[in-house]
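Quick note: numbers below take in every heavy atom, side chains included, and nothing from hydrogens, waters or symmetry partners.
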Amino acid sequence: MSAPLLKTPLHALHLELGARMVEFAGYEMPVNYPGGILAEHRHCRESAALFDVSHMGQVRLIGDDAAAALESLVPCDIVGLAPGQQRYALFTNAGGGVLDDLMVSRRQHRGVGDLLLVVNAACKDADARHLITHIGHRCTVQVLPDLALLALQGPKAAAALARLNSGVTALTFMTGGHFTLRAPDVGLDAECFVTRSGYTGEDGFEISVDAAAAPALARALLAQPEVKPAGLGARDTLRLEAGLCLYGHDINDHTTPIEAGLAWAIQKVRRPGGARAGRYPGAEVIALQLEHGTKVKRVGLTGLERIPVREGAVLQDRRGHRLGHVTSGTTSPTLGKPVAMGYVSVEHAQPGAEIWADVRGKLQPLRVTPLPFVAQRYHRT
């Protein structure tokens, strides 16, 4: 028998709001609310949407050697992170494949420093074992199951969150800090760790909060006139428009960061010739790809007809030669046309190239398109 589905601290609120619940990564999660995915997507682009992402894993690394230890598992600059900075990172394997992607924040609060990792829900148990096995002797690895995570996303997110603590407006993209969020009318007085980041391409915040305070925080945010709830369906269409990878789909343990177009996540200090180059799993493979390139590459694809192209569709040239496959696809609510991401041979990865997807035996024309499909609007200054 399969294990019963887990529930986030906001489960009762989702049901109260009329959410359609589905299984995702072992949790019962809201895919959409009564207004529907399209409305939620557009509201996030125009105003502010609240997402429950409490299914994701949060892990704390403690100790003077924590940053250097983590660098033995990722190709990213962790030692160079200043307090309050956040960075996108990747766990790699011996073949250079991606075991998971994650966010890393260096925190300093009341004289105590640590690293906070946010990892994908489906990988969080394996990630915790990976950390304990490989660096548990160098730092303390503390899994944080009693925390919830809320994402407030959209151009009006800052105005809404500022009513709970005006200090959050000082944050810029990929920075974070500790803030006490207050809303007396719903009994909210909670210390939270807030980062200005997200997964939609919009300005926004991710808020780590004690699970017990999460329902009050969600209600306080939903009481703001700009904010409406949004589910996993809109989260997926938003991140795809923004050209962001979904682990297990666009990246996995067989795709390298270079093939995935994520070389930007490998800072100079960790590249060949850098002061702390290599010394992480798959470093040799990744170094060769940085120097010589790859045979395949992740690309954006725009449909030239109206039929959407879904994950798994085979990509081919006009003569029927296989070029690759689609990893994510939808009809873009913003653009009103099919968009997708996939891997193709580098010879066919140039923007403007036309290729075809096999959709139930019918060939659909696509054009290789620079990512993102919709401009990202992060608050950088």
Is it true that the side chains of [X] and [Y] contain a donor and an acceptor less than 3.5 Å apart?
X	Y	value
Ser197	Gln86	yes
Gln58	Ser208	yes
His249	Ser328	no
Glu311	Thr327	no

Quick check on Arg380: does its CZ atom have over 12 non-hydrogen neighbours (other residues, nucleotides or ligands) under 6.0 Å away?
yes
Counting only heavy atoms from other residues, nucleotides and ligands, does the tally under 6.0 Å from CG of Asp64 exceed 12?
no
Parallel, tilted or perpendicular, judged at 30° and 60°: which one describes the rings of Tyr33 and His14?
tilted
According to the interplanar angle, ranging from 0 to 90°, do the rings of His130 and Phe91 count as parallel (below 30°), tilted (30 to 60°) or perpendicular (above 60°)?
perpendicular
Applying side-chain contact (heavy atoms from CB on, under 4.5 Å) between Val209 and each of Leu181, Leu150, Leu147, report the one that passes.
Leu150
Polar side-chain atom of Thr294 near backbone of Val296 as donor-acceptor pair, under 3.5 Å
yes
Counting N and O atoms only, with roles assigned by atom type, does the side chain of Asn32 sit under 3.5 Å from a partner on the main chain of Ala19, one being a donor and the other an acceptor?
no
Taking the side chain as every heavy atom from C-beta outward, state whether [X] and [Y] have any pair of such atoms under 4.5 Å apart.
X	Y	value
Phe51	Cys44	yes
Val326	Leu315	yes
Leu323	Val314	no
Leu144	Gln142	yes
Glu23	Glu28	no
Gln267	Cys76	yes

In Å and rounded to the nearest 0.5 Å, what is the CG to CG distance from Leu90 to Asp100?
9.0 Å
Begin from the C-alpha positions of Arg276 and Glu71 and carry the test salt bridge (charged side-chain N to carboxylate O under 4.0 Å, His left out) through to its verdict.
CA-CA 9 Å; Arg276 297 193 310 282; Glu71 283 195 357; 2.8 Å; yes
Run the salt bridge (charged side-chain N to carboxylate O under 4.0 Å, His left out) test on Asp189 and Arg182 for me, step by step, so that the C-alpha distance in whole Å, both residues' side-chain angles and the decisive distance to 0.1 Å come before the verdict.
CA-CA 5 Å; Asp189 189 343; Arg182 292 189 175 93; 3.4 Å; yes
Evaluation steps, salt bridge (charged side-chain N to carboxylate O under 4.0 Å, His left out), between Glu40 and Lys228
CA-CA 8 Å; Glu40 293 168 20; Lys228 292 183 179 180; over 6 Å; no
With Asp203 as partner, the option from Lys156, Arg377, Arg196 fulfilling side chain to side chain donor-acceptor pair (under 3.5 Å) is Arg196
Each residue besides Met21 in its hydrophobic cluster should be listed here, by chain and number; the cluster joins Ile, Leu, Val, Met, Phe, Trp and Tyr at side-chain heavy-atom distances under 4.5 Å.
Leu15
Can we call the ring centroids of Phe173 and His379 under 6.0 Å apart?
no
Which atom pair, heavy atoms only, marks the closest approach of Leu366 to Gly303?
CD2-CA, 3.6 Å
